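Fair warning: this is a prediction, and the values are worked out from it, not measured in the lab. Chain naming here is simple, since letters A, B, ... match the order of the sequence lines and numbering starts at 1 in each. Heavy-atom basis, side chains included; hydrogens, waters and symmetry copies ignored.
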Amino acid sequence: MVVNSVHWFRKGLRLHDNPALQEALKGADTLRCVYVLDPWFAGSANVGVNRWRFLLESLEDLDACLRKLNSRLFVVRGQPADVFPRLFKEWGVTRLTFEYDSEPYGKERDAAIIKMAQEFGVETVVKKSHTLYDLDRIIEMNNSSPPLTFKRFQAIVNRLGLPRKPLPTVTRQQMDGCWTDVSMNHDERFGVPTLEELGFKTQELSPAVWKGGETEALERLKKHLDRKAWVANFERPQINVCSLMASPTGLSPYLRFGCLSCRLFYYELRDLYLKVRKHSSPPLSLFGQLLWREFFYTAATNNPNFDRMEGNPICVQIPWDHNPEALAKWAEGRTGFPWIDAIMTQLRQEGWIHHLARHAVACFLTRGDLWLSWESGMRVFEELLLDADWSVNAGSWMWLSCSAFFQQFFHCYCPVGFGRRTDPSGDYIRKYIPKLRDYPNRYIYEPWNAPESVQKAVNCVVGVDYPRPMINHAEVSRLNIERMKQVYQQLSHYKGLSLLASVPTIQEEAELPRSDDSQSHNSSDVQSDEPSKKASLGKRERPSELQRPPACTQPKVQRRSTAEGSSSKQQY
Amino acid sequence: MKRVLQGDEDDSSTSSEGPTEPRKKVRQLDDEAPSTWGHLPQEILLHVFQHLPLLDRAYASQVCRSWNEAFHMPELWRCFEFELNQPATSYLKATHPDLIKQIIKRHSNHLQYVSFKVDSSTESAEAACGILSQLVNCSLKTLGLISTARPSFMELPKSHFISALTVVFVNSKSLSSLKIDDTPVDDPSLKVLVANNSDTLKLLKMSSCPHVSPAGILCVADQCHGLRELALNYHLLSDELLLALSSEKHVHLEHLRIDVVSENPGQTQFHTIKKSSWDAMVRHSPKFNLVMYFFLYEDEFGPFFRDEIPVTHLYFGRSVSKDVLGRVGLTCPRLVELVVCANGLRPLDEELIRIAERCQQLSAIGLGECEVSCSAFVEFVKMCGRRLSQLSIMEEVLIPDHKYSLDEIHWEVSKHLGRVWFPDMMPTW
């Protein structure tokens with residue numbers, strides 16, 4: 001029987017560590033690698049030009065790599081549900097393979113495609129390679145619900161041991177076994193479109209700071225590891241102005257699009273650590289970036305409402321303000337706070353900002369200053385940020401706005417002070433807001449405080465050449481901390497005075513399974529005491545009013561405000 | 001509940017058949033016994049209704065006359081929270097206008113514990129005032145005006161707000177708890193409050209009410225001897241006020257909350273409160289909690305923490321200097337909770353150790369953008385020991401040193417705390 005394979009690329013835009021693609025190749029007579037692109041989305045939806053450019057460059061790179069293996073990439077325009085029936089018939093497809101997509105929308109789409117493939121008699125093979133672990137397994141190990149604290153998540157991951165090893169890249173020999181039918185007009189029918197074809201104006205587009213594709217990803221990985229080895233210090237580096245700039249070894253967009261396999265990254269880091277440190281095994285903190293990504297994927301996979309407040313069981317219902325004008329100022333970098341504006345400018349121009357910069361602007365938009373909904377911020381990031389995918393973006397925004405995951409809300413990033421402490425030189429601001437270039441360091445973070453003479457001397461008068469600050473930070477942060485406190489006290493039924501105790505803790509945090517050897521060299525005392533301490537853990541800092549059933553692993557979410565008149569709730 | 005009832009009837013009616021055909025039995029029951037639901041005594045209905053959220057209760061009230069009567073029983077209308085939101089400014093739903101009309105018509109004299117939650121639009125604040133003005137037959141015990149976003153009450157014409165509020169002050173005469181933060185309340189309206197409610201007022205929260213003067217609040221303290229909880233801004237605080245609150249006629253104060261906010265950066269000089277005034281407070285109310293929230297620029301802390309102050313809960317909402325935190329250790333022996341939003345990039349080792357030494361009541365600490373060496377932090381936790389029930393430290397705060405790395409520190413700290421502890425984390429991706 002003839003085996004005609006189609007491998008469907010969605011994320012996982014790579015030839016290395018691609019188990020689904022390997023399955024497509026097994027015993028196949030023909031192979032076609034397909035990417036389905038809906039050009040209609042280019043004009044409308046929430047995807048900015050940098051993200052499109054990155055994607056197209058990644059597709060070009062895939063095509064180039066496949067060419068070296070005597071094959072090509074087939075970019076098919078349309079929607080998968082329409083495209084595949086046509087292709088199944090035209091190509092006589094007998095096997096369809098693709099990488100598993102854990103996101104709720106992806107699961108739904110894929111279920112429909114699998115069903116449809118069955119009707120056509122097409123065998124489907126789905127392989128998991130976008131995450132380190134099988135997310136369902138993690139959920140299963142946490143009493144059938146996703147871990148809602150990062151520490152709990154780490155504890156479970158620790159128990160799972162090492163992730164599956166990455167597969168090597170597809171070889172020429174493997175490809176020689178099967179044939180790709182490339183027609184003369186392949187480029188016309190199935191070529192990677194250009195930005196212009198998708199409707200973008202490219203004359204004024206600056207060159208990409210982040211170049212898409214597997215080739216670039218692997219080169220960066222090598223440089224990333226070289227740098228780590230040279231530094232021989234795997235601790236979290238101190239942030240300075242250089243960290244704020246786009247790094248030539250940064251990997252997050254490549255992980256998102258799957259140009260780089262997360263398992264490859266994991267093992268390369270691990271191997272390097274073992275080589276340099278020789279005696280100890282790597283701590284979980286080495287894989288921080290990868291584990292955060294995994295954490296949010298796990299939290300999101302069974303929650304179709306993960307990206308919104310309403311109807312989302314893990315999201316606190318906070319009475320955010322609705323103010324499109326204020327939102328636009330934030331999104332377009334016109335807040336009047338140079339630190340915020342510089343960050344949003346870098347984001348729009350380049351598609352990446354440092355995670356501390358993300359904290360700063362997310363806090364400013366939501367619980368810190370503007371009191372606008374995190375969903376709006378999430379959508380702006382979705383449009384502009386290269387490494388923002390559905391799960392990680394939504395999850396991070398909920399985290400940073402203290403809407404989920406039991407975050408303390410007292411620490412607020414000051415739009416002046418935090419910036420100044422992060423980059424005292426002010427060079428970051430000067431780079432992204434050239435208008436403020438000549439301001440002295442003393443005033444560059446708060447130009448409105450500079451005397452008029454200074455403003456005139458540097459040719460940038462606040463209110464004329466650069467906007468006034470859109471809010472008074474001291475005033476709004478005072479209001480906002482009260483708001484957060486009100487919300488949380490109602491949520492946890494806490495009636496005391498402690499700011500910290502207003503935030504409920506979650507039982508799961510208390511019941512950590514035993515950790516592995518690498519973390520236990522000082523802990524033998526604590527470990528042996530752990531079982532007896534469980535009783536006291538459950539009682540930690542809980543006021544007597546707060547009773548949480550032991551099986552509950554989700555916060556009691558404040559119900560959408562229907563005015564309730566039961567007397568027990570309204571005592572003042 | 002229906003199932004339980006049927007179960008009971010099953011047991012009593014037939015003895016020979018087993019539980020094999022429950023369906024047939026249901027039909028038999030319906031034919032034999034008319035529903036008794038409509039005849040439940042009102043006390044039982046009341047009890048059930050009190051457990052239902054408002055919407056469910058409203059649906060239940062449409063079922064039959066007796067349930068409708070129960071819905072309107074006064075006991076169900078003692079507490080109400082009016083939610084006033086406009087679709088353009090809020091994602092949350094508002095209390096239905098028809099329901100509001102009904103409440104005013106039929107239940108305004110039942111209302112006792114009322115709050116208004118308004119969003120950032122002026123219309124919502126207006127609507128709240130509109131309702132307040134109609135609460136003429138009301139004898140409220142508690143009233144709360146809560147802005148859930150921007151303080152929209154401040155955008156109303158002052159006289160409009162004051163006249164609405166005065167309706168309640170004059171008619172209630174037994175107000176016990178009043179929350180009017182961020183509103184344009186003024187001295188004359190406070191006088192009206194006092195004139196009518198001085199015997200009953202126990203709680204008054206009026207942070208950030210810019211039209212009130214120290215004299216205005218002093219009037220309240222002088223007349224309302226039952227006042228137990230007070231929240232206001234620092235500019236209203238005076239030695240006279242503290243002495244009034246500590247006078248013999250006055251009950252023991254339970255909470256005093258003070259917000260210290262700079263009006264214009266570097267331009268406000270804050271007055272000082274004499275140590276003797278604080279001493280009088282402590283003598284009069286030895287258990288009282290003093291909660292202070294600071295929102296000042298670093299260089300505005302001059303007058304603070306020079307003398308001993310009986311503060312119990314301290315929050316620094318902006319960056320606060322090392323020097324000030326050092327003074328906190330020296331002047332705040334009653335400190336229970338310390339929360340620092342940010343300090344900067346010099347380690348707070350000495351300051352924390354001093355706080356552990358001198359603040360023997362400290363049981364909660366939160367550190368945001370600060371730096372502490374791991375060794376000093378472990379020392380701090382060791383000194384405080386198990387009295388620390390809240391320890392919220394951002395991961396970036398802890399600086400590894402020769403003794404401890406980040407991975408080791410949480411075990412050390414857990415050991416001294418007697419429970420598993422980890423620093424707070426932020427996503428890095």
Side-chain angles (χ1 to χ4, degrees), chain A residues 150-151 235 252 283 285 288-289 292-293 309-310 319-323 355 359 371 373 387 392 396 399 408 410-412 414 417-418 421 449 474-475 477-479 481 483 486 497-501 510 512 519 522-523 525-526 533 536-537 540-541 560-567 569-570 572, chain B residues 50 53-55 76-83 88-93 95 113 120 142 144 148-150 177 203 259 261-262 289 291 295 313 315 317-319 337 339 341-342 344-345 364 366 368-369 389-390 392 394 400 406-408 411-412 414-415 419-420 422 424-429:
Chain A
F150 191 60
K151 279 305 168 185
E235 304 285 358
S252 53
S285 52
Q289 187 180 16
W292 277 107
R293 181 177 171 271
M309 179 170 80
E310 194 179 318
W320 304 115
D321 200 2
H322 189 255
N323 187 336
H355 69 261
H359 299 171
W371 199 252
S373 167
D387 59 35
V392 179
S396 304
W399 190 292
Q408 285 289 347
F410 68 85
H411 47 89
C412 178
C414 176
F418 182 56
R421 287 184 287 273
N449 278 335
E475 184 51 35
S477 60
R478 182 195 64 82
L479 280 168
I481 195 98
R483 308 287 167 260
Q486 270 166 24
L497 294 171
S498 164
L499 190 60
L500 300 176
L512 279 171
Q519 291 183 324
N522 271 345
S523 68
D525 318 323
V526 188
K533 285 191 172 63
S536 64
L537 287 171
R540 165 162 81 103
E541 75 237 20
R560 184 157 23 109
S561 320
T562 49
E564 296 179 37
S566 61
S567 49
K569 287 189 183 166
Q570 301 251 339
Y572 287 110
Chain B
Q50 273 171 340
L54 183 62
L55 194 60
L76 292 173
W77 298 96
R78 299 252 178 267
C79 304
F80 200 80
E81 183 169 82
F82 292 93
E83 293 194 60
T89 40
S90 173
Y91 298 99
L92 299 178
K93 292 225 171 112
T95 311
Y113 308 92
S120 58
T142 75
T148 60
R150 277 202 326 273
S177 159
L203 180 152
D259 282 8
V261 189
S262 60
N289 287 302
V291 180
F295 297 94
H313 296 74
Y315 174 61
R318 304 194 72 159
S319 167
E337 178 176 82
V339 182
C341 189
L345 300 174
E369 208 201 316
S389 58
Q390 294 275 3
S392 176
M394 297 294 295
L406 281 179
D407 294 311
E408 293 158 343
W411 287 114
E412 271 303 306
S414 303
K415 220 166 49 179
R419 62 174 195 269
V420 180
F422 292 100
D424 294 353
M425 310 194 71
M426 291 293 258
T428 56
W429 95 102

Colleague: Checking A/His322 now: which residues fulfil ring-ring contact (aromatic ring centres under 6.0 Å, His included) with it, not counting sequence neighbours?
Modeller: B/Tyr91
Colleague: Does B/Phe295 reach the side chain of A/Glu475, with side-chain heavy atoms less than 4.5 Å apart?
Modeller: no
Colleague: Take A/Lys151 and B/Met425 through the side chain to side chain contact (heavy atoms under 4.5 Å, CB included) test and state the conclusion after the steps.
Modeller: CA-CA 9 Å; A/Lys151 279 305 168 185; B/Met425 310 194 71; 3.7 Å; yes
Colleague: Among all residues two or more places apart in sequence or in another chain, which pass the salt bridge (Lys or Arg N to Asp or Glu O under 4.0 Å) test with B/Asp424?
Modeller: none
Colleague: Mind checking whether A/Cys414 and B/Arg318 have side chains closer than 4.5 Å, heavy atoms only?
Modeller: yes
Colleague: Return yes if some donor-acceptor pair links the side-chain N/O of A/His411 with the main-chain N/O of B/Gly317 below 3.5 Å, else return no.
Modeller: no
Colleague: Rounded to the nearest 0.5 Å, what separation is found between the CG atom of B/Asp259 and the CG atom of A/Leu479?
Modeller: 9.5 Å
Colleague: Between A/Arg483 and B/Ala149 (side chain of the first, backbone of the second, donor and acceptor by atom type, cut-off under 3.5 Å), is there such a pair?
Modeller: yes
Colleague: Measure from the side-chain N and O atoms of A/Trp320 to the backbone N and O of B/Leu92, and report whether any donor-acceptor pair falls under 3.5 Å.
Modeller: no
Colleague: Counting only heavy atoms closer than 4.5 Å, note whether A/Trp371 contacts chain B via side chain, backbone, both or neither.
Modeller: side chain
Colleague: Could you tell me which portion of A/Cys412 (side chain, backbone, both or neither) has an atom closer than 4.5 angstrom to a non-hydrogen atom of chain B?
Modeller: both
Colleague: Taking every heavy-atom pair that is under 4.5 Å apart, which of B/Met394, B/His313, B/Glu369 has the most such pairs with chain A?
Modeller: B/Glu369
Colleague: Identify the heavy atoms of B/Gly366 and A/Leu500 that sit nearest to each other, and give their distance.
Modeller: N-CD1, 3.7 Å
Colleague: Is A/Arg293 in contact with chain B via its backbone, its side chain, both, or neither, using a 4.5 Å heavy-atom distance?
Modeller: neither
Colleague: Can you confirm whether B/Arg150 sits close enough to A/Asn323 that some side-chain heavy atom of one is under 4.5 Å from a side-chain heavy atom of the other?
Modeller: yes
Colleague: At a 4.5 Å cut-off on heavy atoms, which part of A/Leu499 comes close to chain B: side chain, backbone, both, or neither?
Modeller: both
Colleague: Find out whether B/Met426 and A/His355 are in side-chain contact, i.e. whether some heavy atom of one side chain is under 4.5 Å from a heavy atom of the other.
Modeller: no
Colleague: Given a strict heavy-atom distance threshold of 4.5 Å, which part of A/Leu497 is in contact with chain B: side chain, backbone, both, or neither?
Modeller: both
Colleague: Are B/Thr428 and A/Gln289 close enough, and set up right, to give a side-chain hydrogen bond (donor to acceptor under 3.5 Å, both in side chains), and what steps lead you there?
Modeller: CA-CA 6 Å; B/Thr428 56; A/Gln289 187 180 16; over 6 Å; no
Colleague: Less than 4.5 Å to any heavy atom of chain A: does that hold for the side chain of B/Ala364, its backbone, both, or neither?
Modeller: both
Colleague: Any idea which of B/Ser90, B/Ser120, B/Ser392 has the most non-hydrogen atom pairs under 4.5 angstrom with chain A?
Modeller: B/Ser392
Colleague: Looking only at heavy atoms, which two atoms of A/Asp321 and B/Thr89 are closest? And how far apart?
Modeller: OD1-O, 3.2 Å
